[in-house]
Structures are given as structure tokens and as C-alpha cells.
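Whatever order the structure lists them in is the order used to number ligands and atoms, beginning at 1. Computed over heavy atoms, backbone and side chain alike; hydrogens, waters and symmetry mates excluded. Note that the structure is a prediction, hence the values are computed from the model and not measured.
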Amino acid sequence: MLPTIRSCLDAAKMQLSQAMPVAEASIEARILLMEVLQVNHAWLLGHALELLSEQKQAAFNALLARRLQGEPVAHILGHREFFGLRLKVTPDTLIPRPDTETLVEAALEKINCHARGKPLQILDLGTGSGAIALAIAKHGPDCMVTAVDASPAALAVAQHNAESLGIDNVRFIASHWFSAIDEQRYDLIVSNPPYIEADDPHLQSGDLRFEPLSALAAGPDGLSDLRIIIAEASAHLQPGGWLMLEHGYQQAADVAGLLQAAGLVNISHATDLAGIQRVTLSQVSEPDQHMSQVN
Ligand SMILES: C[S@@+](CC[C@H](N)C(=O)[O-])C[C@H]1O[C@@H](n2cnc3c(N)ncnc32)[C@H](O)[C@@H]1O
């Protein structure tokens with residue numbers, strides 16, 4: 001006898017809950033079945049007692065088996081939602097995190113406050129799937145975004161995302177941080193660089209095992225890439241330009257110290273949904289600000 005949608009979901013939830021909290025297991029089971037049936041959540045709720053064909057059941061079980069092996073849902077589906085954009089993701093890119101929306105919100109706030117004249121020039125360092133660059137390009141009025149990554153495979157995914165979303169105010173450049181960046185001075189530099197300590201055991205567990213190490217780990221203290229970006233950013237920013245960096249939950253004070261040592265001013269933090277200082281904002285001083293600091 002064929003199972004109902006509800007009984008399939010309940011069985012999947014039971015299996016998934018061996019490896020994760022029940023609430024998460026319930027959401028993941030639902031997402032996988034929505035993918036197989038190509039329906040939304042409301043449809044599933046309204047058709048809970050409908051029978052699932054053998055073919056659909058087999059397709060669902062195949063996805064469930066991959067998830068039970070640990071493969072991230074975003075890799076199974078091939079996409080992830082970020083700031084209202086559906087982004088293709090592959091094992092070559094970081095899976096965009098909700099925490100990173102804090103950085104996009106902070107950037108959009110500054111962009112929207114900026115007096116209009118010519119388009120704002122924005123640089124996204126380590127663009128991965130293009131998450132930050134594309135969200136800013138889509139929602140920030142009148143801006144031109146340059147998105148760089150050291151990984152050609154990640155850049156190809158980011159470029160695909162820009163094309164499929166019809167976002168054309170982003171250009172993509174292969175670059176080790178600033179190495180291939182020209183003379184252009186930017187109004188805003190944003191980055192979510194790798195920031196996990198190289199020997200952090202979390203790198204060998206959960207979804208992180210499936211993501212590129214080059215997108216995650218940054219030397220013994222997790223700060224190697226942040227140090228490079230902070231040391232070189234001022235040379236690529238306009239006077240008064242902003243540098244906004246995402247970092248680890250325990251790195252806000254270290255990052256603020258590095259920014260201060262590099263001469264950046266107006267240092268502040270933005271918190272994520274959990275209330276954790278996740279993003280640090282700073283500014284290159286304007287000539288008159290600089291003079292008042294010197295005097
Ligand atoms: C934490 S991921 C962030 C990806 C994306 N911005 C996001 O928030 O989802 C860091 C990104 O930095 C890139 N990266 C690592 N080292 C780099 C380097 N030296 N120069 C440029 N990009 C680098 C990685 O390939 C990866 O895409």
C-alpha cells in the first residue's frame with residue numbers, strides 16, 4: 001500500500017532526528033519532499049493525506065539517503081536562498097549563511113544614506129556564490145559592484161547566478177584579495193573572508209566537511225585573511241570610504257584592534273539575529289577628520 005505524504009514526512013523526520021534537533025529534522029524532511037514534488041509548503045499541508053507514488057517515494061528516499069550521509073541540503077538541492085535571491089551553490093562555493101545577511105543590511109544602510117551623484121563603487125572580496133555582491137547590486141540603488149575570488153570555480157558559479165538573476169551591475173575578477181584590483185578607489189569594501197582557526201575540529205564535522213577548506217580556514221588564529229584585507233584596504237578606499245567585515249563570533253575585539261592599528265576610524269559592530277557581534281564596520285578618515293586626529 002502506498003504511504004501518505006504525512007506518513008512519509010513523519011518517517012523521514014524520525015530518521016533525520018537521529019542527527020539533528022527534531023524541529024530542524026522536520027523542516028529538512030519537508031524541504032526535500034517539496035523539491036521532489038516541486039510544490040510549496042502550503043501545498044504539502046493541504047495534501048497531507050494524499051498518497052505518494054512509488055516513483056516519487058523512491059526519489060524522496062534517494063534525497064533522504066544523501067542527507068543521512070551528511071551531504072548539506074543546499075548541495076542536494078543545488079541552490080540556497082539568500083536575501084531573497086535563489087543562488088546556485090556547488091561544492092566549490094561556501095553555502096551562504098543567514099548571518100551574512102547582517103553584512104548586506106549594514107552595507108545597504110550606508111549605501112541608502114549616501115548622497116547620490118555618480119554610482120557608488122563597491123568591492124566584494126571573496127565572493128563565493130556571489131551572495132553579498134548580488135544582494136547589494138540588486139537592492140542598492142545606483143551602484144557598481146566588483147566581486148573577486150581566488151577560486152575560478154567559485155567565480156563561475158557567481159557569474160552564473162548574476163546571469164540567471166538578470167543582475168548586470170556586477171563584474172567578476174579572479175584575484176588573490178587585492179592582487180588583481182586596479183587603481184579604482186572604492187566607496188565601500190565588504191568581505192566575508194575565511195575566519196575559522198585551521199585546527200578547529202568543527203571543520204571536520206557537519207556541513208563544513210562538504211565546503212571548500214579555502215573558503216573557511218584562515219591560519220592558526222583564523223585571522224590571517226582578515227589581517228591582509230585590513231592592512232591593504234585603505235589603499236583601495238576613497239577618503240571617507242567604508243570597510244565592512246564579517247568575522248567569527250569571538251573575533252570582534254581582535255578585528256577592531258587590527259582596524260584601529262591600520263588607522264581606520266569610526267569602528268563599530270553590527271549584531272546578527274542571535275545578538276552576536278558578527279560584522280565590524282570602519283571608515284577611512286576624511287582629510288579633515290585625519291587632521292583633527294593628528295592635532
Ligand atoms: C567565507 S567564504 C564567503 C563566500 C561568500 N562571500 C559568502 O558570504 O557566502 C570566503 C571566500 O573567500 C575566497 N577566498 C579565500 N582566499 C582568498 C584569497 N586569497 N583571495 C580571494 N578570495 C579568497 C574563497 O574562495 C571563498 O569563496
Nearest protein heavy-atom contact for [atom]: which residue, which atom, what distance?
atom                    : result
atom 27 (O) of ligand 1 : Asp149 OD2, 2.6 Å
atom 14 (N) of ligand 1 : Trp177 CH2, 3.7 Å
atom 11 (C) of ligand 1 : Gly126 O, 3.5 Å
atom 22 (N) of ligand 1 : Ala150 N, 3.2 Å

### Message
Check contact between Ser214 and ligand 1, using heavy atoms of the residue and a distance below 4.0 angstrom.
### Response
yes

#### Entry: Residue-ligand contact Pro194/ligand 1, heavy atom below 4.0 Å
yes

## Note on the structure
Numbered in order shown, the ligand 1 atoms found under 4.0 Å of a heavy atom of His176 are 19 (N), 20 (N)

### Message
Quick check on contacts: which atoms of ligand 1 are under 4.0 angstrom from a heavy atom of Leu94?
### Response
1 (C), 2 (S), 3 (C), 9 (O)

### Query
Ion pair present between Lys138 and Asp168, side-chain N to carboxylate O less than 4.0 angstrom?
no

### Query
Should the pair Arg97-Asp272 be classified as a salt bridge under the 4.0 Å nitrogen-to-oxygen rule?
no

Does [X] reach ligand 1 with a nitrogen or oxygen that is under 3.5 Å from one of the ligand's nitrogen or oxygen atoms?
X      : answer
Asn192 : yes
Pro193 : no
Asp225 : no
Pro96  : no

Please classify the [X] to ligand 1 contact at 4.0 Å (heavy-atom distances, strictly less than): side chain, backbone, both or neither.
X      : answer
Thr100 : side chain
Ser175 : backbone
Ile95  : neither
Ala215 : both

Have [X] and [Y] got a donor and an acceptor in their side chains that come within less than 3.5 Å?
X      : Y      : answer
Thr271 : Gln277 : no
Thr280 : His247 : yes
Asp187 : Trp242 : no

### Query
Are the aromatic ring centres of His236 and Phe178 under 6.0 angstrom apart?
yes

### Query
Counting N and O atoms only, with roles assigned by atom type, does the side chain of Gln57 sit under 3.5 Å from a partner on the main chain of Glu54, one being a donor and the other an acceptor?
no

### Query
Can you check side-chain contact (heavy atoms from CB on, under 4.5 Å) on Phe60 and Gln55, steps first, answer last?
CA-CA 9 Å; Phe60 179 53; Gln55 194 196 10; over 6 Å; no

### Query
How far apart are the C-alpha atoms of Glu211 and Arg80, what are their side-chain angles, what is the distance that settles it, and do they pass the salt bridge (Lys or Arg N to Asp or Glu O under 4.0 Å) test?
CA-CA 14 Å; Glu211 296 180 281; Arg80 170 56 50 96; over 6 Å; no

### Query
Should Asp221 and Arg227 be marked as a side-chain contact (heavy atoms from CB on, under 4.5 Å) after you check the CA-CA gap, both sets of side-chain angles, and the distance that decides it?
CA-CA 11 Å; Asp221 63 358; Arg227 275 194 195 91; 2.5 Å; yes

### Message
The test is side-chain contact (heavy atoms from CB on, under 4.5 Å); show your working for Val145 and Phe172 and say whether it passes.
### Response
CA-CA 9 Å; Val145 184; Phe172 296 94; over 6 Å; no

### Message
Going by the closest heavy atom to atom 5 (C) of ligand 1, which one wins out of Thr127, Val157, Leu134?
### Response
Thr127

